[in-house]
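Note that this is a predicted model, so its numbers are computed, not measured. Numbers for residues simply follow the sequence, beginning at 1.
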Amino acid sequence: MEFTAKQIAEFIQGTIEGNENTSVHTFAKIEEGVPGAISFLSNPKYSHYLYDTQSSIVLIDKSFKLEKETHATLIRVDNAYEAVAKLLALYEMSKPKKKGVDPLAYIASTAQIGEDCYIAPFAYIGENVHIGKGTQIYPHTTVYDNATIGEDCLLYSGVSVYHDCKIGNRVILHSGCVIGADGFGFAPAADGYDKIPQIGIVTIEDDVEIGANTCIDRSTMGSTYVRKGVKLDNLVQIAHNVEVGENTVMSAQVGVAGSTKIGQWCMFGGQVGIAGHAVIGDKVMSGAQAGIAGSIRKGHVTVQGSPAIDAKNFARSSVVYKNLPEMYADVNRMKKEIEELKEVLNKK
């Protein structure tokens with residue numbers, strides 16, 4: 001499928017510099033551009049590629065100032081990164097969707113499958129499952145009894161949705177993620193640990209995307225909640241009874257302990273750890289590997305380090321930390337000098 005610069009500019013409300021009839025049929029990184037491809041420039045570090053790229057069309061910010069002429073047709077927009085995201089979404093939607101139930105899939109007689117769904121070979125759909133229209137379920141995915149999955153969802157291979165869990169509309173679950181495994185609940189006993197039954201569920205709201213091998217544990221009672229618009233990377237662990245607020249994002253290997261409540265529009269870098277029963281306010285930003293040991297109720301802050309502190313304080317502390325060996329040597333030297341001075345004074 002081909003699109004002209006004029007068609008693209010109209011869709012993303014951009015301004016054309018060059019031939020409006022230039023056409024493209026694929027995407028490419030600006031440094032790997034080929035004829036017939038569209039690229040984008042948003043990071044100034046890549047600006048030098050603009051003048052040599054072989055891409056036919058390049059999206060750039062309106063504020064970008066050219067240093068010399070380019071071969072490509074340019075489309076200026078307010079934000080090139082956002083514009084290419086819209087184009088990629090349009091491209092993805094234009095792909096034909098698979099439909100139909102493969103005869104090698106198992107579907108319980110009491111399950112309800114919506115219109116235009118795709119159920120791949122070796123998928124398992126349990127008793128009383130409800131699946132909304134347009135949802136796609138790929139091989140070796142298991143949906144246990146009484147689970148509900150909304151419309152236009154995408155469950156890649158090897159996903160497990162445990163019994164009774166609820167998944168909203170337009171949710172994407174990547175391979176290997178597990179929704180609704182038991183929370184880590186054990187009571188110490190004289191001869192070991194007694195398992196605490198986890199009788200709750202997981203509720204995932206609309207427009208959530210969950211990465212490969214990420215686990216969302218079911219609650220002890222009630223529900224673990226992943227609210228609307230949340231995006232979780234691969235290898236994220238959400239423990240029982242946690243609530244992740246709307247539009248919060250987490251990078252790989254973030255771990256959230258049980259019963260923690262996280263606000264809206266938070267951002268957590270890779271390997272951030274959050275202690276149990278904490279309350280995290282809205283728009284808390286956390287740098288990679290931060291250890292959040294307690295509540296940050298106020299919100300609208302950026303933290304870093306372990307234990308996590310204000311990011312600016314952490315940056316200043318890091319400078320001191322790097323100089324600790326020299327500071328330690330200086331302190332020992334000063335202690336020695338003080339002792340020598342004391343000896344001199346005591347002799348007088």
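- Heavy atoms from other residues, nucleotides or ligands lying under 6.0 Å from NZ of K6 number 12 at most.
- Across every non-hydrogen atom of I238 and M250, the tightest pair is CD1-SD, 3.9 Å.
- By the ring-ring contact (aromatic ring centres under 6.0 Å, His included) test, F314 pairs with no residue at all, sequence neighbours left out.
- Residues V301 and I296 meet the side-chain proximity criterion, which asks for heavy atoms closer than 4.5 Å.
- Partners of R76 by salt bridge (charged side-chain N to carboxylate O under 4.0 Å, His left out), not counting sequence neighbours, listed by chain and number: E17.
- Using a 4.5 Å heavy-atom cutoff, the side chains of V226 and I179 are not in contact.
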Donor-acceptor pairs are to be reported for all side-chain atoms of residues 113-121 against protein atoms at under 3.5 Å, with residues two or more places apart or in another chain.
none

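- At least one side-chain heavy atom of N332 sits under 4.5 Å from a side-chain heavy atom of K335.
- Separation of atoms NE2 (H71) and OG1 (T53) is listed at 10.0 Å; rounding is to 0.5 Å.
- With contacts defined as side-chain heavy-atom distances shorter than 4.5 Å, the pair V244/V256 does not qualify.
- Hydrophobic clustering places I262 together with V254 (ILVMFWY residues linked when any side-chain heavy atoms are closer than 4.5 Å, directly or through intermediates).
- Under the side-chain contact (heavy atoms from CB on, under 4.5 Å) test applied with F268, the options L232, V303, I292, D233 reduce to a single match, I292.
- Across all their heavy atoms, T4 and E20 have their closest contact at CB-O, 3.8 Å.
- By the 4.5 Å heavy-atom criterion applied to side chains, V230 and V249 are not counted as neighbours.
- Here the CZ-OG distance, from F3 to S23, works out to 11.0 Å after rounding to the nearest 0.5 Å.
- Other residues, nucleotides and ligands place no more than 12 heavy atoms under 6.0 Å from the CE atom of M267.
- Taking a 6.0 Å sphere around CD of Q7, one finds it holds more than 12 heavy atoms contributed by other residues, nucleotides or ligands.
- Note that the OH atom of Y91 and the NE2 atom of H25 stand 9.0 Å from one another [nearest 0.5 Å].
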### Task
Apply the test salt bridge (Lys or Arg N to Asp or Glu O under 4.0 Å) to residues K97 and D152: give CA-CA distance (whole Å), side-chain angles for both, the deciding distance (0.1 Å), then the verdict.
CA-CA 10 Å; K97 282 188 174 183; D152 297 313; 3.7 Å; yes
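- D207 is linked by a side chain to side chain donor-acceptor pair (under 3.5 Å) to R170, counting only residues two or more places apart in sequence or in another chain.
- Looking at heavy atoms from C-beta onward, D282 lies out of side-chain contact with W265 at the 4.5 angstrom threshold.
- Annotation for G269 and V272: closest pair O-CG2, 3.1 Å, computed over non-hydrogen atoms.
- The aromatic rings of F186 and Y193 stand perpendicular to each other, their planes meeting at an angle above 60°, with 30° marking the opposite boundary.
- Applying the 6.0 Å contact sphere to CZ of F27 captures more than 12 heavy atoms from other residues, nucleotides or ligands.
- By the salt bridge (charged side-chain N to carboxylate O under 4.0 Å, His left out) test, E337 pairs with no residue at all, sequence neighbours left out.
- With respect to I137, the side-chain contact (heavy atoms from CB on, under 4.5 Å) criterion is satisfied by exactly one of V159, L173, V101, I131: I131.
- The main-chain N or O of E82 is found under 3.5 Å from a side-chain atom of N79 such that the two form a donor-acceptor pair.
- Shortest non-hydrogen contact noted between E69 and Y51 is O-CD2, 3.7 Å.
- With hydrogens and angles left out, the side-chain atoms of E209 and H174 include a donor and acceptor closer than 3.5 Å.
- The backbone N or O of H163 lies less than 3.5 Å from a partner atom in the side chain of R218, making a donor-acceptor pair.
- Not one N or O on the side chain of S55 forms a donor-acceptor pair closer than 3.5 Å with the backbone of I57.
- Under the 3.5 Å distance criterion, with hydrogens and angles disregarded, a donor-acceptor pair is assigned to the side chains of D217 and Q237.
- Residues passing the salt bridge (charged side-chain N to carboxylate O under 4.0 Å, His left out) test with K195, sequence neighbours excluded: D182.
- Here the side chain of T260 pairs a donor or acceptor atom with the backbone of A278 at under 3.5 angstrom.
- Using a 3.5 Å distance cut-off with no hydrogens or angles, the side chains of E246 and Q264 do not pair a donor with an acceptor.
- Interatomic distance, I309 CD1 to R316 CZ, rounded to the nearest 0.5 Å: 9.0 Å.
- Ring geometry for Y144 versus Y124: interplanar angle of 30 to 60°, hence tilted.
- Residues I204 and V202 meet the side-chain proximity criterion, which asks for heavy atoms closer than 4.5 Å.
- Among all heavy-atom pairs drawn from I16 and A9, the shortest one is CG1-CB, 3.7 Å.
- In this structure, D206 contributes its side chain and N169 its backbone to a donor-acceptor pair below 3.5 Å.
- No more than 12 heavy atoms of other residues, nucleotides or ligands lie within 6.0 Å of NZ in K228, so this atom counts as exposed by the packing criterion.
- Side-chain atoms of T203 and S223 include a donor-acceptor pair closer than 3.5 Å.
- A donor-acceptor contact shorter than 3.5 Å links the side chain of S39 to the backbone of A28.
- Contact record, V284 with G281: CG2-O, 3.4 Å, taken as the closest heavy-atom pair.
- In this structure, CD1 in I149 is found 6.5 Å from CD1 in I125, a value given to the nearest 0.5 Å.
- Here E32 pairs with K29 in a salt bridge; the nearest charged N to carboxylate O distance falls below 4.0 Å.
- In this structure, the side chain of D61 does not engage the main chain of F64 through any donor-acceptor pair within 3.5 Å.
- Atom OG1 in T220 sits 6.5 Å away from atom CD1 in I196 (nearest 0.5 Å).
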